[in-house]
Protein chains: 2
Amino acid sequence: MPTPARTSVDAIVNAGRAILDADGLDAVSMQRVASAVGVRAPSLYKRVRDRDALVRLIAADVLAELGACVGAASTGEDPSTDLAAIADAFRAWALQHPGAFGLVFSRLPDAWQPAPDADPMTGTFGALFRAVAALSGPDDVLEASRLVVAWASGFVGMELAGAFRMGGDVDAAFAYGIDRLVGAIAR
Amino acid sequence: MPTPARTSVDAIVNAGRAILDADGLDAVSMQRVASAVGVRAPSLYKRVRDRDALVRLIAADVLAELGACVGAASTGEDPSTDLAAIADAFRAWALQHPGAFGLVFSRLPDAWQPAPDADPMTGTFGALFRAVAALSGPDDVLEASRLVVAWASGFVGMELAGAFRMGGDVDAAFAYGIDRLVGAIAR
DNA sequence: ACCTGAACACCGTTCAAGT
DNA sequence: ACCTGAACACCGTTCAAGT
């Protein structure tokens with residue numbers, strides 16, 4: 001005898017994302033997600049294969065939000081200003097969403113689905129690739145982008161880990177970084 | 001009636017470190033560590049306050065090893081070659097010890113004890129600070145070091161997370177990065 | 001003094017049973 | 001078709017009891 005569904009994949013992913021933002025990845029347990037959507041843990045397995053699959057769905061959600069966030073920071077005019085604005089937006093987003101940042105940048109083992117964007121220039125981080133390309137020229141886009149993204153994610157990761165413990169102005173260090181990087185990747 | 005100790009903090013930390021290297025941080029459970037040192041889980045609480053304390057001891061061990069590893073890579077001669085050698089040693093170590101790298105660079109919440117080295121120039125990453133200082137001059141050492149370390153840790157973190165999925169030569173991207181950074185921090 | 005089994009409150013996951 | 005309680009094998013941690 002059929003029964004109306006009492007929840008949905010969307011509701012589950014949203015609940016998981018909310019818990020991630022509030023209390024971190026370890027707090028995203030099947031039981032807590034289930035109770036947030038008004039159901040018991042075993043019922044979740046009707047919608048997601050297992051916890052890993054749920055975490056991957058949440059990661060895709062996070063990546064889309066991050067992409068939109070850095071995309072909005074770009075004006076598409078001067079690439080140097082643009083790149084700095086993108087970096088600042090990235091950092092601000094990460095500091096506001098430490099759990100989500102940690103998930104996407106350092107807790108995704110092995111492969112996770114979000115296939116690499118077919119065309120990087122229009123994909124999730126298109127704004128960043130376009131700004132970098134304008135500075136580095138077409139031959140070095142990939143390597144220059146990797147330099148910038150590695151630095152930005154490493155910087156924020158260390159900041160969130162509390163690894164900057166030798167004093168100094170962290171905001172200034174970030175500004176110094178983007179300034180030097182713009183010079184470094186320019187032709 | 002006294003009883004001879006059957007294990008020690010050292011044995012416990014070493015066992016934890018071995019499990020970390022073999023199977024990652026999540027596998028470092030009190031039960032597994034206990035069984036590795038030939039004891040039951042509750043006995044571990046005679047030596048370490050709780051699992052977090054054990055993880056912090058392991059992290060300190062990891063940091064010392066990493067410091068020795070990058071220290072050995074430096075010759076103290078030309079700072080550019082030195083910095084590249086240090087970066088290469090860091091990356092090689094991280095790729096060989098992904099669990100240890102992840103623990104130290106992205107899984108340490110809040111504070112963890114290893115107090116900041118009193119004198120950075122002679123501390124854990126002294127070789128790196130000295131090479132950077134020779135290139136950047138004394139005024140920019142801190143910010144320049146943060147640029148280099150953020151980049152290196154972010155790069156390796158992304159590499160381990162499988163985040164370089166757009167093709168290209170990853171080794172070449174790392175070499176490109178250190179080359180551009182040396183230029184970027186030089187006066 | 002050190003170690004232990006038993007217990008408690010949690011996990012993720014499966015599955016037969018209910019509607 | 002969907003949801004559930006009960007069960008299983010795991011966690012971390014505490015504690016009274018053993019030696």
Side-chain angles (χ1 to χ4, degrees), chain A residues 1-60 99 102-103 107-113, chain B residues 1-60 99 102-103 107-113:
Chain A
M1 199 177 305
T3 292
R6 223 170 295 179
T7 183
S8 66
V9 174
D10 268 16
I12 291 169
V13 172
N14 290 341
R17 175 67 203 278
I19 298 170
L20 174 68
D21 278 335
D23 294 318
L25 185 58
D26 290 342
V28 182
S29 72
M30 298 302 267
Q31 314 205 6
R32 242 186 100 167
V33 170
S35 112
V37 299
V39 108
R40 300 289 186 170
S43 299
L44 297 182
Y45 293 81
K46 284 279 161 183
R47 318 253 180 242
V48 296
R49 178 204 268 286
D50 55 19
R51 184 179 181 270
D52 274 356
L54 171 55
V55 170
R56 268 188 251 109
L57 289 173
I58 297 172
L103 167 60
R107 306 228 17 213
L108 282 185
D110 314 8
W112 94 85
Q113 34 264 60
Chain B
M1 197 177 307
T3 292
R6 222 171 297 177
T7 183
S8 67
V9 174
D10 268 15
I12 290 170
V13 172
N14 290 341
R17 175 66 204 277
I19 297 171
L20 174 68
D21 278 334
D23 294 319
L25 185 58
D26 290 342
V28 182
S29 72
M30 297 303 268
Q31 315 205 6
R32 241 187 102 166
V33 170
S35 113
V37 299
V39 109
R40 299 290 186 168
S43 300
L44 298 182
Y45 293 81
K46 285 279 162 186
R47 318 255 180 242
V48 295
R49 177 204 267 289
D50 54 19
R51 183 179 182 270
D52 275 356
L54 171 56
V55 169
R56 269 189 251 109
L57 290 174
I58 297 172
L103 167 60
R107 310 246 346 230
L108 283 185
D110 317 10
W112 95 87
Q113 36 263 58

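Protein chains get the first letters and strands the later ones, always in sequence-line order, with residue 1 at the start of each. Excluded from the calculations below are hydrogen atoms, water molecules and symmetry mates; all remaining heavy atoms, backbone and side chain alike, are included.
The nucleotide whose nearest atom lies closest to any side-chain atom of A:Ala5 is, among C:dG12, C:dT4, D:dC2, D:dC2. Listed candidates were D:dG12, D:dG5, C:dT4. Nearest to the side chain of A:Arg40 is D:dG5. You'll find that the side chain of A:Ala41 is closest to C:dT13, out of C:dT13, C:dG5, D:dG5. For A:Val39, the listed nucleotide lying nearest its side chain is D:dT4; candidates were D:dT4, C:dT13, C:dT4. When each of C:dT4, D:dG12, D:dC2 is scored by its nearest atom to the side-chain atoms of A:Lys46, the top-ranked nucleotide is D:dC2. The side chain of A:Thr3 approaches C:dT19 more closely than any other nucleotide in the set C:dC15, C:dG12, C:dT19.
Atom CE of B:Met30 and atom P of D:dG12 are 7 Å apart (whole Å). Rounded to an integer number of Å, the gap from B:Tyr45 OH to D:dC15 P is 12 Å. Separating the CG atom of B:Asp50 from the P atom of D:dT13 is a distance of 5 Å, rounded to the nearest angstrom. Rounded to an integer number of Å, the gap from CD of A:Gln31 to P of D:dC10 is 17 Å. As rounded to whole Å, 17 Å separates atom P of C:dC11 from atom CG of A:Asp52. Between the CG atom of B:Leu44 and the P atom of C:dG5 there is a distance of 13 Å, given to the nearest Å. The interatomic distance linking A:Arg47 (CZ) with C:dG12 (P) rounds to 18 Å, in whole Å. Rounded to an integer number of Å, the gap from A:Arg51 CZ to D:dA9 C1' is 17 Å.
The backbone N or O of A:Ala15 sits nowhere less than 3.5 Å from a side-chain atom of A:Arg32 that would complete a donor-acceptor pair. The main-chain N or O of B:Asp10 is never found under 3.5 Å from a side-chain atom of B:Arg47 such that the two would form a donor-acceptor pair.
The residue from B:Ile58, B:Leu25, B:Val28 that alone fulfils the side-chain contact (heavy atoms from CB on, under 4.5 Å) condition with B:Ile19 is B:Val28. Just one of B:Leu54, B:Leu20, B:Val13, B:Asn14 meets the side-chain contact (heavy atoms from CB on, under 4.5 Å) condition when paired with B:Val33; it is B:Leu54.
To the nearest 0.5 Å, the span separating CZ on B:Arg56 from CZ on B:Arg49 amounts to 8.5 Å. Rounded to the nearest 0.5 Å, atoms CE (B:Met30) and OG (B:Ser43) are 10.0 Å apart.
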Canonical and wobble pairing (Watson-Crick, G-U, under 3.5 Å) of DNA chain C, dot-bracket with |: ||.|||||...|||||.||
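Across all strands, A:Arg32 comes closer than 4.0 Å to no nucleic acid atom at all (heavy-atom distances). The residue A:Ser43 sits close to a base: some heavy atom pair falls under 4.0 Å. Nucleic acid contact class of A:Arg49 (heavy atoms, under 4.0 Å, all strands): none.
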Step-by-step side-chain contact (heavy atoms from CB on, under 4.5 Å) determination, A:Arg17 to A:Leu103: CA-CA 11 Å; A:Arg17 175 67 203 278; A:Leu103 167 60; over 6 Å; no
